[in-house]
Amino acid sequence: MSRSEELFEKASRLMPGGVNSPVRAFGAVGGHPFFVRRAQGPWLYDEDGRRYLDYVCSWGPCILGHACPPVIEAVQKACADGLTFGAPTQKEGILAEMICACVPDVEMVRLVSSGTEAVMSAVRLARGFTGREKIIKFAGNYHGHSDGLLVKAGSGMMTQSVPDSAGVPEGYAKTTLTAVYNDPDSVRRLMEENRGEVAAVVVEPVAANMGVVPPEPGFLEFLRAITEENGALLVFDEVITGFRLGLGGATEYTGVHADLHTFGKIVGGGMPLAAYGGSEKIMSCVAPLGPVYQAGTLSGNPAAVTAGIATLKILMDRPQLYRELDEKAARLERAFLEKGLTVNRAGSLLTPFFTGGREVKNYDGALRCDRRAFADYFAWMLSQDIYVAPSPFEAMFVSAAHSDGLIEETCRAIGEWRADAGRD
Ligand SMILES: *Cc1c(COP(=O)(O)O)cnc(C)c1O
C-alpha cells in the first residue's frame with residue numbers, strides 16, 4: 001500500500017470521504033487521491049515521492065506557481081508579528097487600494113475569508129440595497145456553498161429552483177431563480193415573471209465551474225441592459241476570473257461593467273482571503289455604514305492580506321504576464337484540438353470537453369461529456385505525471401511557473417493519449 005493510500009484510509013475514518021472538499025476525493029475518476037507533502041513552482045510532490053506537473057493550481061489561486069518565494073517570504077515575516085489581531089491594520093488598506101486600482105467600477109471593498117462568504121455577502125448586499133428578495137443565477141455556475149446559491153433548475157419548464165443539496169430549505173430555493181447560461185430568453189422570461197422582485201443577476205462572467213464556458217458575444221451586454229432596465233444589480237462572481245483574465249478581471253476582458261464583483265482564489269495569494277466590492281454608493285450600505293450586516297473574526301487576516309498584497313504586486317509589476325499565460329494556454333488548446341476534442345478557453349483557463357465534437361455553451365452541453373473517456377484521459381495524464389482536475393467539469397489553470405518547455409511536454413502527452421491508454 002502506498003503512503004497516500006494509507007493516509008487516505010486513515011483520513012476516511014476521520015473526515016467524510018477522507019477530504020475537506022468533495023472533489024478532492026477523486027470520485028469522478030476512481031482510485032484514491034495522492035496526498036501532497038509540498039509544492040514548488042509548477043510541481044506537486046506527494047507523500048510517496050512522486051512529482052506531478054500541476055494544472056489544478058489549488059483550483060485557481062496559484063497563478064504564480066506554488067510557493068512563490070517573494071510571497072512566502074512576506075508571509076513568513078508577517079506571521080512572526082502575530083497571526084490575528086481583531087483590529088485594523090495598515091495592510092488591509094494597501095490590499096483594498098490595489099484591488100480598487102485594478103478593477104474598474106470597484107471603489108470600495110470588504111475583505112472576507114472565502115469565496116463562498118464573498119458571494120453570500122454580495123447577494124445580501126444586493127438585496128439590502130434594492131429592497132428585493134429574488135436573485136437570478138445560471139445553471140452550472142458555482143458561487144460557493146451558501147444555502148441560497150446551492151440550488152438547481154427545477155424539472156421541465158418550471159422556473160422555480162429546487163435545492164441542490166440536502167439541508168437547503170425549499171424556501172431558500174424559491175428566492176433563487178435559475179436561468180440558462182448564454183440564453184437571454186431564459187433571463188428575460190424570469191425577469192418578466194418576477195417583475196420588480198429581482199434584486200440581482202449573479203453570474204460567472206466567464207463560467208469556469210462547468211468546465212470553461214465563455215459568454216457568447218452580447219450575452220453579458222444583455223445582462224447589463226436587462227438588470228438596468230429592471231432596477232436589479234449585476235453581480236460578477238469573479239472568484240476565478242478576478243486577476244486571472246487580467247488585472248481588471250472580466251470587465252477588462254469583456255468590456256462589460258457590473259455593479260458588484262466578488263473575488264477569491266488569486267486575491268488571497270493562496271491564503272484564505274476573498275473580497276467583494278463595488279461603487280461607494282452600494283458599498284455604503286454595508287455595516288457599520290449601512291444596514292446590511294456582515295462581519296468576520298478573521299476577515300482581513302494579516303498573514304492572508306500579506307499574501308494577497310505580495311501576489312497582486314507581482315502581477316501589477318508584470319502586466320505582460322497575462323499575454324504569456326494566454327499564449328501558453330493557446331498551445332495546450334491546439335494540442336487538444338488536434339485530438340478532435342471540443343475546447344473552450346478564456347485566457348489561461350481552458351477545458352477540453354469529451355462531447356464527441358459538440359460545442360459547449362451551457363450546462364446541458366457540458367453534461368453531454370463522455371465521463372468514461374474523461375476518466376481515461378485523466379488516468380493517462382496522471383500516468384505521465386501530469387495532474388489535471390479529477391473532474392470533467394473543471395478548468396485547467398496555467399501558471400507563470402509553467403515554462404515553455406513544460407507546456408511542450410504537456411502537449412506531447414496530450415498528443416500521445418489514446419482513448420483507452422490509461423485504463424486499468
Ligand atoms: C471557488 C469559487 C467560489 C467559492 O469560493 P470558496 O473560496 O471555495 O468558498 C465561488 N465562486 C466561484 C466562481 C468560484 O470559482
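Since we're looking at a predicted model, the values are computed, not measured. In listed order, ligands and their atoms are each counted from 1.
Nearest to atom 7 (O) of ligand 1 by heavy-atom distance, out of Gly115, Ala274, Ala395, is Gly115.
Annotation: atom 14 (C) of ligand 1 to nearest protein heavy atom, Lys265 NZ, 3.0 Å. Looking only at protein heavy atoms, the nearest one to atom 3 (C) of ligand 1 is Val239 CG1, 3.7 Å.
A donor atom on one side chain and an acceptor atom on the other are not found under 3.5 Å apart for Arg124 and Gln294. Of the N and O atoms on the side chains of Asn141 and Tyr181, not one donor lies less than 3.5 Å from an acceptor on the other residue. Side chains of Thr176 and Ser161: no donor on one and acceptor on the other come within 3.5 Å. Counted by atom type alone, Ser348 and Arg244 present one or more donor-acceptor pairs between their side chains at under 3.5 Å. A donor-acceptor contact closer than 3.5 angstrom is absent between the side chains of Lys361 and Asn182.
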Give the table of side-chain donor-acceptor pairs shorter than 3.5 Å for residues 89-97, with sequence neighbours excluded, one pair per line with atom names and distance.
residue, atom, partner, partner atom, Å
Thr89, OG1, Glu92, OE2, 2.7
Lys91, NZ, Thr306, OG1, 3.0
Glu92, OE2, Thr89, N, 2.6

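Atoms of ligand 1 found under 4.0 Å from any heavy atom of Asp237, numbered from 1 in the order shown, are 10 (C), 11 (N), 12 (C), 13 (C). The ligand atoms of ligand 1 that sit less than 4.0 angstrom from a heavy atom of Ile240 are 15 (O). Against a heavy-atom cut-off of under 4.0 Å, Glu204 is close to the following atoms of ligand 1: 13 (C). The Ser114 neighbourhood of ligand 1 comprises atoms 7 (O), 9 (O), with distances under 4.0 Å to a heavy atom of that residue.
In this structure, Arg51 does not pair ionically with Asp385, as no charged nitrogen and carboxylate oxygen lie closer than 4.0 Å.
Within the 4.0 Å heavy-atom criterion, the part of Asn209 lying near ligand 1 is the side chain and not the backbone. With a 4.0 Å cut-off on non-hydrogen atoms, His143 touches ligand 1 through its backbone and not its side chain.
Scanning for ring-ring contact (aromatic ring centres under 6.0 Å, His included) contacts around Tyr322 gives an empty result, with sequence neighbours left out.
Residue-to-ligand polar distances keep Glu117 apart from ligand 1: every N/O pair is separated by 3.5 Å or more. Checking only distances, Thr116 does come within under 3.5 Å of ligand 1, N or O to N or O.
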